[in-house]
Amino acid sequence: MNFIEELTWRGMIHDMMPGVGEMLEKKMGVGYVGIDPTADSLHIGHLVGVMMLKHFQRCGHKPIALVGGATGMIGDPSGKSQERNLLSEETLRHNQESIKQQLSRFLDFDSDAPNAAELVNNYDWMKEISFLAFIRDIGKHITVNYMMAKDSVKKRLNSEASEGMSFTEFTYQLVQGYDFLYLYQHKNCTLQMGGSDQWGNITTGTELIRRKTDGEAFALTCPLITKADGGKFGKTESGNVWLDRRYTSPYKFYQFWLNVSDADAEKYVKIFTFLSQEEIALLTQQQQEAPHLRPLQKALAREVTIMVHSEEDYVSAVEASNILFGNSTSDQLKKLDEETLLAVFDGVPQFEVSHSVFTEGIKAIDLLVEKCPVFPSKGEMRKLVAGGGIAINKEKLMDSERLFVTNDLLNNQYLLVQKGKKNYYLLLVK
RNA sequence: GGGCAGUUACCAGAGUGGCCAAAUGGGGCAGACUGUAAAUCUGCUGGCGACGCCUACGGUGGUUCGAAUCCAUCACUGCCCA
């Protein structure tokens with residue numbers, strides 16, 4: 001199965017320029033995806049682009065990951081109704097380094113194969129260019145009329161936008177277009193991929209290549225990942241879902257995928273895993289027969305957690321989930337030995353508190369708001385207690401004034417706080 | 001430089017002298033039902049020692065018994081003209 005066929009059945013093609021398939025049939029293609037280094041870790045929103053590159057490489061083509069050190073300094077106006085904050089060069093440098101390391105987990109950069117992946121940073125070639133040279137050699141080839149016709153620009157220019165658009169952001173598409181031109185000339189790269197919001201920026205690149213070198217280059221975009229209920233993909237109550245375990249623990253990561261709704265599960269399995277068409281068809285069928293077992297979500301969570309983290313992380317995430325979401329009771333919880341307990345709660349937010357406060361007893365509300373900031377305010381906690389939303393050691397807390405003493409601790413040193421069904425906090429008593 | 005419009009809670013957005021911790025919608029959190037899903041229904045959504053107090057409607061100063069609301073001034077944003 002070739003690259004285009006593969007992406008097509010996975011539902012990963014939103015739009016592409018005619019001729020991409022033919023071009024890739026003839027020879028080994030070189031294609032790239034750009035990544036903005038806005039943080040020092042990728043999040044799952046970036047994963048789609050990474051998956052495209054992986055498929056690209058698997059099909060024998062050469063993927064290039066472009067870290068946007070230069071473009072990151074400008075900020076892409078696509079999909080943004082507001083002007084971006086600029087990042088400092090220092091921050092960007094740091095972010096680029098971290099991102100490089102993450103990417104090397106997914107793509108093969110080191111082999112001697114002709115299609116080994118490559119990592120480039122557009123800052124490396126942009127930094128040398130003078131403004132004058134840029135507007136003379138590049139700007140001359142693209143008209144403002146052309147640039148204004150782009151959706152991303154039009155949206156910001158109509159008077160309903162709450163903010164204007166700076167020249168800096170307006171220039172963005174040209175800078176990105178130049179990246180493509182540069183890669184076309186220096187790396188023989190003839191394909192740029194990205195999310196569907198990138199279509200405008202990418203075609204500015206192909207246009208530039210055509211006008212300046214009379215060459216041919218292509219654009220291919222994948223659909224923006226959405227959720228069936230219209231919410232933003234990749235966000236949880238605590239923000240982005242990151243690939244870096246320092247920001248999103250493997251447990252949380254696993255839980256994110258497990259919690260995907262039925263309506264989205266099949267779509268995500270196709271995009272974020274390498275499971276075959278047959279395997280997915282089977283899972284989908286099982287899902288229909290026994291939806292409560294959630295075979296699709298489980299497979300999705302397994303594959304992605306293993307890919308991003310590791311087999312061991314996956315196993316412990318499952319174990320933790322079974323204990324937290326199984327029907328375990330307070331008694332069962334007390335029987336757990338310390339090692340298991342800690343393993344289970346690895347990745348759950350933890351708080352430390354001194355042992356002495358329990359010797360005389362402490363009110364739940366003082367403990368969880370003042371001694372350790374599990375809840376942001378007392379009012380908040382009272383409301384949750386009144387609504388039956390808090391459990392301690394798997395027992396519902398009925399009264400926020402209830403006293404807690406040494407006897408309530410698990411293994412004499414832990415206290416498990418639960419907010420709602422899915423949020424756990426562990427108090428370490430020292 | 002000139003003219004106009006604007007700045008209210010997480011977001012959008014009403015309120016134009018006391019009835020305002022501020023309508024409504026969205027989002028978020030929690031509860032019920034479930035399958036850790038969706039849909040639906042309910043409650044909450046500034047803080048606290050809580051029938052009260054404190055802090056808050058861009059900043060500052062003023063008018064007034066009383067200001068998100070009126071005046072002055074500054075800052076910021078958008079649109080138009082030069």
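We name chains A, B, ... by the order of the sequence lines, and we start the count at 1 in each one.
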**OP:** Sugar-phosphate atoms are those with a prime plus P, OP1 and OP2; base atoms are the rest. Using that split, label each nucleotide of nucleotides 51-56 of chain B B, S or - for protein heavy atoms under 4.0 Å, 5' to 3'.
**Re:** ------
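Residue A:Leu258 is in base contact, counting any heavy-atom pair closer than 4.0 Å across all strands shown.
Checked against B:G35, B:A50, B:A30, the side chain of A:Asn423 finds its nearest nucleotide in B:A30. Comparing atom distances between the A:Lys383 side chain and each of B:G49, B:U45, B:C29 picks out B:U45 as nearest. Here the side chain of A:His292 is nearest to one of B:A50, B:G35, B:A37, namely B:G35.
Across the protein-nucleic acid pair, A:Phe375 atom CZ and B:G28 atom P stand 19 Å apart, rounded to whole Å. Per the geometry, CG belonging to A:Leu300 stands 15 Å off P belonging to B:A37, to the nearest Å.
A:Gln96 and A:Tyr123 form no side-chain donor-acceptor contact under 3.5 Å, judged by distance and modelled atom types alone.
Classified by interplanar angle (parallel below 30°, tilted 30° to 60°, perpendicular above 60°), the ring pair A:Trp257/A:Tyr268 is perpendicular. Relative ring orientation between A:Tyr182 and A:Trp125 is described as parallel, the plane-to-plane angle staying below 30° on a 0-90° scale split at 30° and 60°.
Look at A:Lys378 and A:Asp366 and you find a salt bridge, because one of the NZ, NE, NH1 or NH2 atoms lies within 4.0 Å of a carboxylate O, short of that distance.
Residue-to-nucleotide proximity on RNA chain B shows that, of A:Gly389 and A:Asp366, the 5′-proximal contact is made by A:Gly389.
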**OP:** Begin from the C-alpha positions of A:Tyr251 and A:Phe345 and carry the test ring-ring contact (aromatic ring centres under 6.0 Å, His included) through to its verdict.
**Re:** CA-CA 9 Å; A:Tyr251 165 76; A:Phe345 292 106; 8.5 Å; no
**OP:** For the pair A:His43 and A:Tyr247, evaluate ring-ring contact (aromatic ring centres under 6.0 Å, His included) and give the outcome as yes or no after the intermediate values.
**Re:** CA-CA 10 Å; A:His43 53 76; A:Tyr247 301 134; over 10 Å; no
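Here A:Lys298 does not reach the OP1 or OP2 of B:G35: none of its side-chain N or O atoms lies under 4.0 Å away. OP1 or OP2 of B:C48 has at least one side-chain nitrogen or oxygen of A:Ser377 nearer than 4.0 Å. In terms of phosphate contacts, A:Arg382 brings a side-chain nitrogen or oxygen within less than 4.0 Å of OP1 or OP2 of B:G49. Contact check, A:Lys378 against B:G49: a side-chain N or O comes under 4.0 Å of OP1 or OP2.
In this structure B:G6 sits in a base pair with B:C76, meeting the Watson-Crick or G-U test at under 3.5 Å. If you check B:C44 for Watson-Crick or wobble pairing at under 3.5 angstrom, you find it paired to B:G28.
Side-chain to base pairing of A:Gln297 with B:U36: no donor and acceptor N or O lie closer than 3.5 Å to each other.
The cationic group of A:Arg402 lies under 6.0 Å from the six-membered ring centre of A:Phe404 and within 45° of the ring axis, placing it in a cation-pi geometry.
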